[in-house]
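For reference, the structure discussed in these notes is given below.
Index from 1, following the sequence.
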Amino acid sequence: MAIQADEPESPGWWLKRLGKKIMDERADLDRLQAYAEGCPPLPDVPGVDPKDARDWMAIARANWTGLVIDAPAERMGVSGFRFGNQEADEEQPPGEPTVEPPADGVPAPTPRKSKTKTADDEANRIWQENHMDADSDLVHYGALSQRRAFVLVEKGDDGRPVLTHETPRQVAVEHMPGNRRKLAAGLKLWRDDWTGETKATLWLPDKIHHFVTKSPVVSFQIRAAELRQWDALALPNAADGTEPNPLGVVPLVPFINRRNRRPEGMAEHEDITSIQDRINLSLINLIAAMRYGAFRQRYASGLEVDEDPLTGQKLTPFKLDIKALWTTADADVRFGEFAATDLVPYVRAVESAVQDLAAISRTPPHYLLGQVVNVSGDALKAAETGLVSKVRDRQRNFGESWEQVMRLAFLVLGDKERANAYDAETVWRDPESRSISELADAAVKKSSAGVPWRQRMEDMGYTPAEIDRMEIDRAADAMNATPPTNPVPAQLQGQADAQQQQPQQPPQDPRTVIGRGANDANAA
């Protein structure tokens, strides 16, 4: 039975609209993937037939675009999440008197409360049980290399949230008109390898629709009133392929890279593909010069060349060999050689293009050229400033998406409070390269400035789980600390203080003193 697609916002209408969006973009995504994998198209070289030179032209490509993507991706890592504001009793300042309840029965003032954001253990559990320590890197790399990536949040068989990474090759979403944060619909289109069928799942805020087609070629006509090759996928509990959406929202979260350049996203290397083509052309010219012009060609003048009596072809009189010496008995023969092609201009052309690539992509030059000789640490930090700024910008954007993923995960668990916690915060690893001594020195200075211990540990790069374990270890170390020798009991502390305040009397001799002034001495 064909799917009706003429009514706006109907399931068939969304299938046609989003399905066409996926299919139309696959050609651009294939091109971006080819550049990311180091397999861009070979440039045309004047005078060189690609068919004859394909064997050596293929090795003349250098994957600089892959490095441009890897540089920010390897510095992006999620350490955890903070959910607040959680109320906690504020510590009593030292020296401040404790508030006692008055005798007249008037209630004492309540202890002061402080609003704090703490690492959420349940969020960390969701993160770990979905293996997001590894899969989050796939999300980040997918968004950097393919313009955007998606995370699908579903309810597993055990009732726990399930997070999966999705690619724009299979997923497309549509936002509410005038709202770039709220989704109106989401579609996943994929080929089932077990059955050979192409299936589609459409998420709407109230319903989930499943479709299937056996056609090997999937296409969507925007003006089609119905989709003849598609049919509803029968489910065990829904013969029409429709089931209610338990979350009430579209459970797809987009991670859009460089939204400021283009609303649908822009890949990290999308604006340097022309420079990569220029580099490849320079490398091909360099290898061609090395192959045909770098060797000193030799010639002989006045030499008679013999012919093959059977074929009539000229016979090669000499063979190029490092062990061979060319000699002839003809005194009129002259030998010579042509100058080799200078390869320095070709190398400089490649280096100039690489420098342009580094400037536009804000990739440190020493990442690309590898020329680090007698460079100070401050100079390296200055060279990495652009990359660090770029990574922080991507973290701000992706952090909002990760927070939305966690809110959906808590919505699956039925935790309405944290599902609506819009003050959640993603904790990222520091993208800057710092030594252990620098981190420790900064922690000591922050301690003197009054920065709390837990915040200092986060600044040093420890994860929330490691900080929780260190807090337990600190408490155990404090309990196991050696007490002072012969401590004064609490009930005797006042007496000891009084004795210390009285002046010491000279020692008295119990023997009787005989002689003048004895009475005075005894009296004293």
Parallel, tilted or perpendicular: ring planes of Trp428 versus His140, cut at 30 and 60 degrees: tilted

Parallel, tilted or perpendicular: ring planes of His269 versus Tyr35, cut at 30 and 60 degrees: tilted

Taking the basic N atoms (NZ, or NE/NH1/NH2) and the acidic carboxylate oxygens, is any pair closer than 4.0 Å for [X] and [Y]?
X	Y	result
Asp393	Arg258	no
Arg362	Glu268	no
Glu384	Arg75	yes
Asp441	Lys445	yes
Glu122	Arg418	no
Arg147	Glu25	yes

Asn257 side chain to Gln146 backbone, donor-acceptor under 3.5 Å: no

Sidechain-backbone polar pair: Ser447 side chain, Ala443 backbone, donor-acceptor under 3.5 Å: no

Within the 3.5 Å criterion, strictly below it, is a donor on [X] or [Y] matched to an acceptor on the partner's side chain?
X	Y	result
Asp271	Thr273	no
Gln404	Arg407	yes
Asp133	Gln128	yes

Where Val451 and Arg456 come nearest, the two heavy atoms and their spacing: O-NH1, 2.7 Å

